[in-house]
Every structure is written in C-alpha cells, then in structure tokens.
Amino acid sequence: MPALNGLLWLISYWLIGEVVIHFSGLPISSGVVGMLLLCTTLAVIGRVPASLAAAAQPLIALLAMLIMPGVVGVFFILNELAGQWLAIVAALLLGTLLSVFTTLWLLTRLMGRSHAD
Amino acid sequence: MLTNLLPTLTATPLLAVGLTLAAYLVGSAVFIRLGKPSWLPAILIAALLLAAILALLGQPYATYQQGATWLTVLLGPATVALGMPLYQQLPHIHELWRPLAACLPIAAALAACYALGIAWLLGASPDILASIAAKSVTAPIAIGITEQLGGNVALLMGSLLVTGVLTIPFVSLAARLLRINDERIIGFALGLNGHAIGTVRAFDISPTAGAFASLGMSLTGIFTALLLPLAWRLVGIGAG
C-alpha cells in the first residue's frame, strides 16, 4: 500500500506543523507549515517519491469535496448577515475588479522591465 | 416509525458523509451536462443541492457539520499535499523569479486590502472583515487563515465562490483593455485573484497559463497565510 505510506507522510508533516506552531506561537495554520516543509523536503531530495504522489494526488483531486461542508454553511447564515449585504457584495465585486487590474498592470510593467535589463 | 428514522440515521456520521459524497457526484455530473459553465462552478451546484436536502430533512446545519468532520479532517493532510505541486512549479519560479517576487507581495496584499477597505468604508463589522479577508486564497489555506482571524468560515466560503467566479470575466475584460496577450501573465492573475476556480479556467486556456495560475495561487496562499494573521494582530482589527 504505497498510498498509505504517503498518507502517513502527509499526516506526519501536518503534526510537525502543529508542534512548530505550538512552540513558536506563530499565527499560521499547521497545514501551511506542513506544506512548506514538504516542498522543502522534496527540493532537497530532488524528486517526488511514488508513495507520496499516490496519496497526494487523490487528496488534491478531492479538495473540492472536502471544502463542501463549509460552503453549504453559507446558506444557513444568510439571515445573520442581513444589513451587511451591500458592504460584502461591494467589497467582493469592486475589490476583485481593482485587484485584477492591479495584478495585470503591475506584472506587465515588471516583466517588461526585466526583459529590458 | 418514520419520526424515529431520522434520529437513528443521524446518530452516525455516515449520513452526513454519504449526503456530501452524493451531492458532490451529482453536482459534478450536472456541471458536465451543462457544458462546464464558468459562472456556475460544480461546487456551487453541489452545495445548493446539499443545502436543499438538509432543509428538506429538517436537519440543523450544526448536526450535519459535526458528522461531516469525518471528511473535513482530511483538509489538513490535503493542504500539506499542496507542497507537491508547489515543488513541481519551482522551475517556473526560477525562470521569472524577479518580476514575480516583486509583483506577488503587492498584488496579494492588495487583493485583501481593496476588499477590506471597501467593506470597512461601508460599515462592515469586524467579524465580516475577518471573514472576507482571505477571499483570494485557496480554500484549504483560507480556512486556516480565517480561523486564525476569528472570522466565519461559512461566509469565507461564500466570498471565495463569488471572488473566484468574478475573477474569470474580470481578467478577460482587464486583459483586453490593457492589451495583454501573454498567457503567463493572464494565468498568474487568474490564480492570484481567483484561487482554484481561476486556476481551473487557466488550464482551459493553455497548460502554460495553468502552470502560472497554480503558481500564483500557491504563492498567494503562502504569502497571505504567513503575513495576514500577523498584520491583523498588529493593526488590532480583530480586537474590535
């Protein structure tokens, strides 16, 4: 069962993340710490072990399903948000429009300049 | 007999897990049948379906959520698993690291700040601000950030959906107005602003756009996860 082996890797890195956060007190989630540690480990080894890929690929493919219980929750808090809708919708709509323009404009300018170097 | 049936079924987490699996599979099938519309992601169809079933069964969300913990606990190892595609994208970072390193902190910070600024000006409460701050971050990482900030995860999920769906037409509009054809730039903007939903769209454009979208998504997630909770604590919004 190579996938089980890989799953143990993933769970161990997550637990290591918990330990790091417990002792450092950093306000980061242990998943992110585990992800960075995993990426660093792979960069040091220089390849992706087959057992790890066997566990990681199906889990990543299932991400949409794993977040569904959270998505469903939004339909149950609609009443609590009454009166805040305008602020929320305006923030998401305008905020996303502005940030899309900024990203494209900024990256075009930066890439143009680096090519000119 | 029937009145006793529901409590018997909800006594195990398997009903919640089964309903989630069923809604996910049906949602994906409907999504494909509709020709994969970018404005209606599969997860939104599935979530609507699941919410309707729960309402019909008269099952409170809290009960469902408790049972679904059996699935959501896997989000931890699944987030760690994202380290693998991140490693596989390192060559792209190497190729363009200078413009990306300069663009990412500014663009990712603005993705959060624009929305926070607008919501704050319109009088949104601190709870709301904490819930929408991670709107451009991929869901597994965004959930962790929002829990750190003390926001509402359900509202975050709604914000993620809206942001992801809006990013797609906004990027095509902005690219046309700014006359940008570079697939790397378009892909990066899709992933940075529209997380997983934008990244899926970028893979439809081309594999290069997709690779840069995944890169934008991962880097935004890491950058925001490392700095947003810290910035939040310093500014003291959470204390309000």
Side-chain angles (χ1 to χ4, degrees), chain A residues 7 10-11 13-14 17 27-32 34-39 42-43 48 52-53 55-56 59-60 62-77 81 84 86-88 90-108 110-111 114, chain B residues 20 24 43 46-47 50-51 61 65 68 71-72 74-84 86-87 98-99 102-103 107 110-111 114-115 118-119 122-124 128 132 139-141 144 148 153-154 157-159 162-163 166-167 170-171 174-175 178 180 185 188-189 192-193 225-226 229-230:
Chain A
L7 186 62
L10 297 176
I11 294 177
Y13 271 89
W14 188 85
I28 312 169
S29 77
S30 43
V32 173
M35 175 178 76
L36 291 175
L37 287 175
L38 181 66
C39 183
L42 293 177
V48 179
L52 179 71
L59 261 185
I60 293 172
L62 280 180
L63 268 176
M65 193 191 67
L66 298 181
I67 62 169
M68 251 184 63
V71 177
V72 174
V74 78
F75 300 110
F76 293 88
I77 54 159
L81 298 175
Q84 306 260 14
L86 177 70
I88 297 171
L92 295 177
L93 198 86
L94 282 178
T96 304
L97 185 63
L98 286 172
S99 111
V100 162
F101 264 96
T102 313
T103 311
L104 286 172
W105 178 80
L106 193 64
L107 194 55
T108 308
L110 288 168
M111 280 178 57
S114 80
Chain B
T20 312
Y24 176 72
I43 185 158
L50 190 51
Y61 176 65
Q65 199 183 19
L71 285 175
T72 48
L74 285 175
L75 266 177
T79 312
V80 176
L82 292 174
M84 185 184 76
L86 182 64
Y87 161 73
R98 223 182 309 191
C103 173
L110 284 176
Y114 282 136
I118 295 166
L122 292 173
I128 304 268
I132 65 168
I141 299 179
Q148 295 285 346
V153 172
M157 292 304 212
S159 312
V162 173
T163 304
L166 285 175
T167 298
F170 286 174
V171 167
L178 299 171
I180 295 169
I185 298 181
F188 196 75
L192 190 150
N193 292 290
L226 294 179
L230 215 57

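Just so it is clear: chains get the letters A, B, ... in the order the sequence lines come, proteins before strands, and each one is counted from 1.
For the options B:Leu50, B:Ile128, B:Leu71, B:Thr20, heavy-atom pairs under 4.5 Å to chain A are most numerous at B:Ile128. Between chain A and the residues B:Thr72, B:Ile132, B:Val153, the largest count of heavy-atom pairs under 4.5 Å involves B:Thr72. Among B:Leu166, B:Leu110, B:Leu230, the residue with the largest count of heavy-atom pairs under 4.5 Å with chain A is B:Leu166. The most heavy-atom pairs under 4.5 Å with chain B, out of A:Leu97, A:Ile77, A:Val32, come from A:Leu97. Contacts with chain A were tallied for B:Gly144, B:Ala51, B:Ala68, B:Ala107; B:Ala51 has the most, counting heavy-atom pairs under 4.5 Å. Of the listed residues (B:Leu86, B:Leu82, B:Leu74), the one with the most heavy-atom contacts under 4.5 Å to chain A is B:Leu82. Chain B forms more heavy-atom pairs under 4.5 Å with one residue of A:Leu93, A:Leu86, A:Leu52 than with any other, namely A:Leu93. Most heavy-atom pairs under 4.5 Å with chain B: of the set A:Val48, A:Leu62, A:Val71, A:Leu81, this distinction falls to A:Val71. Between chain B and the residues A:Ala90, A:Ser30, A:Ala55, A:Gly95, the most heavy-atom pairs under 4.5 angstrom are made by A:Gly95. The most heavy-atom pairs under 4.5 Å with chain B, out of A:Ile11, A:Val100, A:Leu59, A:Leu38, come from A:Val100.
Considering every non-hydrogen atom in both B:Tyr24 and A:Ala64, the closest pair reads CE1-CB, 4.0 Å. In terms of heavy atoms, A:Leu107 sits closest to B:Cys103 at CD1-CB, 3.8 Å. Nearest heavy-atom pair across B:Ala124 and A:Ala87 is CB-CB, 4.0 Å. Here the closest heavy-atom approach between residue A:Leu110 and residue B:Pro99 is recorded as CD1-O, 3.6 Å. Of all the heavy atoms in A:Met68 and B:Ala47, the pair that sits closest is CE-N, 4.4 Å.
Between A:Leu104 atom CG and B:Leu178 atom CG the span is 6.0 Å, to the nearest 0.5 Å. Atom OG1 in A:Thr103 sits 5.0 Å away from atom CG in B:Leu192 (nearest 0.5 Å). Interatomic distance, CD1 of B:Ile118 versus CD1 of A:Ile88, reported as 13.5 Å (0.5 Å rounding). Here CG of A:Leu94 is found 8.0 Å from CZ of B:Phe170. Values are rounded to the nearest 0.5 Å. The structure places CG of A:Leu10 at 9.0 Å from CE of B:Met84, a figure rounded to the nearest 0.5 Å.
Residue contact with chain B, scored on non-hydrogen atoms closer than 4.5 Å, involves the side chain of A:Thr102 exclusively. In this structure, chain B has heavy atoms under 4.5 Å from both the backbone and the side chain of A:Ala53. Both the backbone and the side chain of B:Ile185 come within contact range of chain A, with heavy atoms under 4.5 Å apart. B:Val171 touches chain A through backbone and side chain together, each having a heavy atom under 4.5 Å away. With a threshold of 4.5 angstrom between heavy atoms, B:Gln148 approaches chain A through side-chain atoms but not through N, CA, C or O. Heavy-atom distances place the side chain of A:Phe76, and not its backbone, under 4.5 Å from chain B.
Within the 4.5 Å cutoff, the side chain of B:Thr79 has no heavy atoms near those of the A:Ser29 side chain.
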